[in-house]
Undergrad: 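Can you keep this structure in mind? I'll have questions shortly.
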Amino acid sequence: MYGRLTVICGPMFAGKTTELLKRILWARNGERKDVLVLKTAFDVRYSRTEVITHDGLAAEAVVLHAFSDVEARLQEADLVCFDEVQFFQNMDRDVVELIRDLLASGTDVVAAGLDTNWKGEAFAATGLLMAMADEVVKLKAHCAVCGQPAHKTFKKVEDNVEIQLGHGDLYEPRCNRHWFDHLPLLSLSRAPAEGEISNV
Ligand SMILES: [Zn+2]
């Protein structure tokens with residue numbers, strides 16, 4: 001049977017990890033008991049395990065740099081979960097292709113991650129997986145300025161670094177208005193002016 005793909009996405013601070021942990025718990029209590037949770041880390045050289053926790057829920061995750069590190073486990077697992085799936089883009093295999101192979105071999109997949117960076121640009125892996133998914137759970141946070149639903153991640157430090165690890169010190173959730181109003185203009189791709197040749 002073809003596996004089921006669930007994508008959990010949204011800005012930072014939207015509860016994506018909690019939603020992922022919930023799915024892991026459901027799987028373990030159900031029939032799909034063998035769950036493999038994968039993470040990547042920029043600062044870890046070799047595979048190691050790490051426990052991800054949130055709101056009293058916990059799961060052990062394998063921190064990896066190459067899919068070849070967990071090849072045998074990928075074949076055994078009933079459910080493979082990816083935490084921060086946007087960081088799997090530059091691995092030894094294309095993450096989207098790898099997930100297609102898992103689904104084709106009957107393995108269920110849950111991929112949680114950011115849908116856009118702080119500039120509002122889509123992460124390719126998350127976007128493609130959302131298109132392929134049986135279920136997309138798009139979560140929202142609360143705007144740090146006004147408390148309204150927030151779909152964007154706002155970077156509090158003014159630089160143009162696209163991917164930078166950080167949490168509350170660097171980022172906060174913002175509604176569209178409070179995200180866009182304070183976005184440095186340089187970081188936005190400029191729409192072509194009237195009469196200008198566009199390749200669209
Ligand atoms: Zn707001």
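In this text, all values refer to a predicted model and were calculated from it rather than measured experimentally. Whatever order the structure lists ligands and atoms in, that order sets their numbers, starting from 1.
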Undergrad: Can you list everything that forms a salt bridge (charged side-chain N to carboxylate O under 4.0 Å, His left out) with Lys33? Sequence neighbours excluded, please.
TA: none

Undergrad: Anything protein N/O/S under 2.8 Å from the Zn ion (ligand 1)? Just list residue and atom, please.
TA: Cys143 SG, Cys146 SG, Cys175 SG, His178 ND1

Undergrad: Can you list everything that forms a salt bridge (charged side-chain N to carboxylate O under 4.0 Å, His left out) with Arg28? Sequence neighbours excluded, please.
TA: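 With sequence neighbours excluded, Arg28 shows a salt bridge (charged side-chain N to carboxylate O under 4.0 Å, His left out) to no residue whatsoever.
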
Undergrad: Please determine whether a side-chain nitrogen of the Lys or Arg among Glu97 and Arg100 lies less than 4.0 Å from a carboxylate oxygen of the Asp or Glu.
TA: no

Undergrad: What residues, two or more places apart in sequence or in another chain, satisfy salt bridge (charged side-chain N to carboxylate O under 4.0 Å, His left out) together with Lys140?
TA: none

Undergrad: Answer yes or no: is there a donor N or O on one side and an acceptor on the other, between the side chain of Thr40 and the main chain of Phe88, under 3.5 Å?
TA: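 Pair absent, no side-chain N/O of Thr40 close to backbone of Phe88.
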
Undergrad: Salt bridge check, Lys16 against Asp83: does any charged N sit closer than 4.0 Å to a carboxylate O?
TA: no

